[in-house]
**Student:** 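Pasting a structure below so you can have a look.
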There are 2 protein chains.
Amino acid sequence: MPTRARRADRRGEALSKETIVHAAIELLDVEGEDGLTFRTLTARLATGAGAIYWHVANKDELLVAATDVVVAAALAHEARDATPQEAIRAVAIGVFDAIDAHPWVGTQLARAPWRTAMLDIFERIGRRVQALGVPHAGQFTAASSLVSYILGVASQNAANAVTARLHLPDTPRGDFLAAMAAGWAKLDGGAYAFTRAMAGALRDHDDRTEFLAGIDLILAGIVAAR
Amino acid sequence: MPTRARRADRRGEALSKETIVHAAIELLDVEGEDGLTFRTLTARLATGAGAIYWHVANKDELLVAATDVVVAAALAHEARDATPQEAIRAVAIGVFDAIDAHPWVGTQLARAPWRTAMLDIFERIGRRVQALGVPHAGQFTAASSLVSYILGVASQNAANAVTARLHLPDTPRGDFLAAMAAGWAKLDGGAYAFTRAMAGALRDHDDRTEFLAGIDLILAGIVAAR
DNA sequence: ACCTGAACACCGTTCAAGT
DNA sequence: ACCTGAACACCGTTCAAGT
C-alpha cells in the first residue's frame, strides 16, 4: 500500500494548506530560498504536484502564507507596561530576529508589500507612534518611516548573511567583516574617502546594535518634530 | 550572409559586455523583471547564448552590471554649494527616482548589497554626514541608517508599483490608492484601529513627499544626537 | 578570440485520469 | 472532494563545433 506508507511520512497528517505551508517553511529554512521547489515539496510530502495545487493557487501564495506565519510568530507576544519607545524597539528587534532566522522572509517582505504580515507590523508600530504623542497629521509618516526602515535594514541584513554564507561558507561573521573591512581600507582615498574611513567601524560593528541605533535615530527625529 | 544581416540589427556594434548590459536594461525596463531571459536577450542581440556567456559570467553578473549603470547615472551630477541636508535629500531623491523608473533596480539592491552601486550611495551620503558635524563614532550609524532607509523605501515603492501594475493595469495611481484606502477603512476597528485611522492619509499621500519626510525625520534625529 | 545553436538539467503549472 | 504523475512550456547554462 504505497498510499498508507506515504501518509505515514507526514505522520498521519492529512494534506492541508497548513501542512503544506509548514513543509515549505522547513525547506526554505534548511535548504535556502532556492531549496523550495514543487519537486522538493512533493517529495517531502510524498504526494504529487496536483495535490499541492489543490490547496494552494501557486508558489507565490505559498510564499505569502509562509511569510505570514513567521511574522505572526514574531509579533506573538506584546510587551506590556513598556514605554512606546521600548515597545517599538521590541517590535523592531522581533522582526529583525525573525528575518535573521528566516532570511527568505526578508526577500518576501521586500517584494510583496502590504500583505497581512506588513500590515500587522504597521499596526503595531503605529499604535506606539500614537502613544508617543505624535499629532495625527504626522502619524502616517512616522509609522511608515519606521516600518520601511525596519524591513529595509532587516532584509538587507539577511541578504548580506545569505551572500556571505554562499560565497564563504563556514566563515565566522567576524572573519567575514574583517575581510570586508580590509577591502574598504584598500579603496581609493579620493573617490571613497568616507567609506575608507569607515573600515574600522564596519569591522567592529554589531548588526543588531547598529539596527537599533538607527531606530533610535528615527525615534529621536519623531520626538523632535512632535 | 546571415551574419552581416544580424550584425546590422544591433547597428554594426560589435558584441561587448556594454552592448549586452544595455540591451538587458532595455528589456528589464520595457518587459519587466521577468522579461529578461537569455532567450529574449539572444533574440534581441541576434546571437546565441554562448556569445553572451563569452562576455558575461552569468545572469547575476548581468543584473549587477545593469544596476551599476543605472545607479551611476542617478548619482552623475553632484549638487554644489548646497547644505549637507539638501545634498542628502538630492541623493535620496535621485535614487528614489531611478528605482521608480527602473523598478528591477530596487529588487537588485535589496538582494545583492555592498556592490559598487550601494557603495557609491554610501560614500555620497557619508560625506554629507561628515559635513553635518556628526562625530566620528556616530558617522557609520548615521550613514548606514540613511542608506538603508533610502534603499528600503525606494525598493518597497517600486515593488508596490509593480504589484499595482500587475494586478490592476491601466489603473491611475490615485484610483489604486483610493481602492487600497477603502480596504483599510473596512478593516476591523479593534485589531487594526491604527491602520484603519490611516486610510485617509494613505489615500491622500504622495510617495515622494512621504519618502522625503522620512529622510527629514532621520536627519532631525542625527542632528539631535550630534 | 569570438560566436553558433543544439542539448542538458532543471523549473512552475496543467490536466486527464484515478479514488 | 481530493490526489496522482506524466506532460507542457518554459528557464539558465554548457559545450562541441564552427569562423
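Every chain is numbered from 1, with letters handed out A, B, ... down the list of sequences.
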**Student:** Going by ring pair (Phe, Tyr, Trp, His ring centres under 6.0 Å), name the pairs with one or both residues in residues 49-69 of chain A, residues two or more places apart or in two chains.
**Tutor:**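 Every ring pair (Phe, Tyr, Trp, His ring centres under 6.0 Å) pair that includes a residue of residues 49-69 of chain A, provided the two are not neighbours, is Phe38(A)-Tyr53(A).
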**Student:** Give DNA chain C the dot-bracket treatment, 5' to 3': Watson-Crick (N1-N3 with N6-O4 or O6-N4) or G-U (N1-O2, O6-N3) under 3.5 Å, [ ] crossing, | other strand.
**Tutor:** ||.|||||...|||||.||
**Student:** Provide the full list of salt bridge (charged side-chain N to carboxylate O under 4.0 Å, His left out) pairs with a residue in residues 103-118 of chain B, sequence neighbours left out, each pair given once.
**Tutor:**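 Qualifying pairs: Asp60(B)-Arg111(B).
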**Student:** Would you mind reading off the distance between Lys17(B) atom NZ and dA1(C) atom P, rounded to a whole angstrom?
**Tutor:**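 So the two atoms are 19 Å apart, to the nearest Å.
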**Student:** In chain order, what residues pass the salt bridge (charged side-chain N to carboxylate O under 4.0 Å, His left out) check against Asp206(A), with sequence neighbours excluded?
**Tutor:**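 Partners of Asp206(A) under the salt bridge (charged side-chain N to carboxylate O under 4.0 Å, His left out) test: none.
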**Student:** Considering only residues two or more places apart or on different chains, which pairs with a residue in residues 153-162 of chain A satisfy side chain to side chain donor-acceptor pair (under 3.5 Å)?
**Tutor:**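 Matches after skipping sequence neighbours: none remain.
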**Student:** Do any side-chain atoms of residues 28-35 of chain B form donor-acceptor pairs under 3.5 angstrom with protein atoms, and if so which ones, sequence neighbours left out?
**Tutor:**
{"unit_1": "Asp29(B)", "atom_1": "OD1", "unit_2": "His102(B)", "atom_2": "ND1", "d": "2.7"}
{"unit_1": "Asp29(B)", "atom_1": "OD1", "unit_2": "Trp104(B)", "atom_2": "NE1", "d": "2.7"}
{"unit_1": "Asp29(B)", "atom_1": "OD2", "unit_2": "His102(B)", "atom_2": "ND1", "d": "3.0"}
{"unit_1": "Glu33(B)", "atom_1": "OE1", "unit_2": "Thr107(B)", "atom_2": "OG1", "d": "3.4"}
{"unit_1": "Glu33(B)", "atom_1": "OE2", "unit_2": "Thr107(B)", "atom_2": "OG1", "d": "2.6"}

**Student:** Could you check which residues of residues 49-61 of chain B get a heavy atom under 4.0 Å from DNA chain C? Sort them by number, please.
**Tutor:**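 Residues of residues 49-61 of chain B that come under 4.0 Å of DNA chain C are, in numerical order, Ala49(B), Gly50(B), Ala51(B), Trp54(B), His55(B).
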**Student:** Donor-acceptor pairs under 3.5 Å, side chain of residues 176-191 of chain A to any protein atom, not counting sequence neighbours: which ones?
**Tutor:**
{"unit_1": "Asp188(A)", "atom_1": "OD2", "unit_2": "Gly190(A)", "atom_2": "N", "d": "3.1"}
{"unit_1": "Asp188(A)", "atom_1": "OD2", "unit_2": "Ala191(A)", "atom_2": "N", "d": "2.8"}

**Student:** Taking atom P of dG12(C) as reference, at what distance in whole Å does atom CG of Leu63(A) sit?
**Tutor:**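 Going from Leu63(A) (CG) to dG12(C) (P), I get 10 Å.
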**Student:** Scan residues 31-41 of chain A against DNA chain D and write down, sorted by residue number, each residue with any heavy atom closer than 4.0 Å; if none is found, say none.
**Tutor:**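 Result for residues 31-41 of chain A: none.
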**Student:** Take atom CG of Leu45(A) and atom P of dG5(D), then tell me their distance rounded to the nearest Å.
**Tutor:**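 Rounding to the nearest Å, CG of Leu45(A) and P of dG5(D) are 14 Å apart.
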**Student:** For Asp204(B), check salt bridge (charged side-chain N to carboxylate O under 4.0 Å, His left out) against everything at least two apart and list the hits.
**Tutor:**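 For Asp204(B), no residue satisfies salt bridge (charged side-chain N to carboxylate O under 4.0 Å, His left out) once neighbours in sequence are set aside.
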**Student:** With a 4.5 Å cut-off on side-chain heavy atoms, are Ile125(A) and Ile150(A) touching?
**Tutor:**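 A side-chain contact exists here, since the closest heavy-atom pair is under 4.5 Å.
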**Student:** Output all residues satisfying side chain to side chain contact (heavy atoms under 4.5 Å, CB included) with Ala161(A), sequence neighbours left out; order by chain, then residue number.
**Tutor:**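 Per chain and number, Ala161(A) pairs via side chain to side chain contact (heavy atoms under 4.5 Å, CB included) with Arg165(A).
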**Student:** Under the side-chain hydrogen bond (donor to acceptor under 3.5 Å, both in side chains) test, which residues partner Glu18(A), sequence neighbours left out?
**Tutor:**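 Applying side-chain hydrogen bond (donor to acceptor under 3.5 Å, both in side chains) to Glu18(A) gives none.
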**Student:** Over how many whole Å does the gap from Leu15(A) atom CG to dA1(D) atom P extend?
**Tutor:**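 In whole Å, dA1(D) P and Leu15(A) CG are 17 Å from each other.
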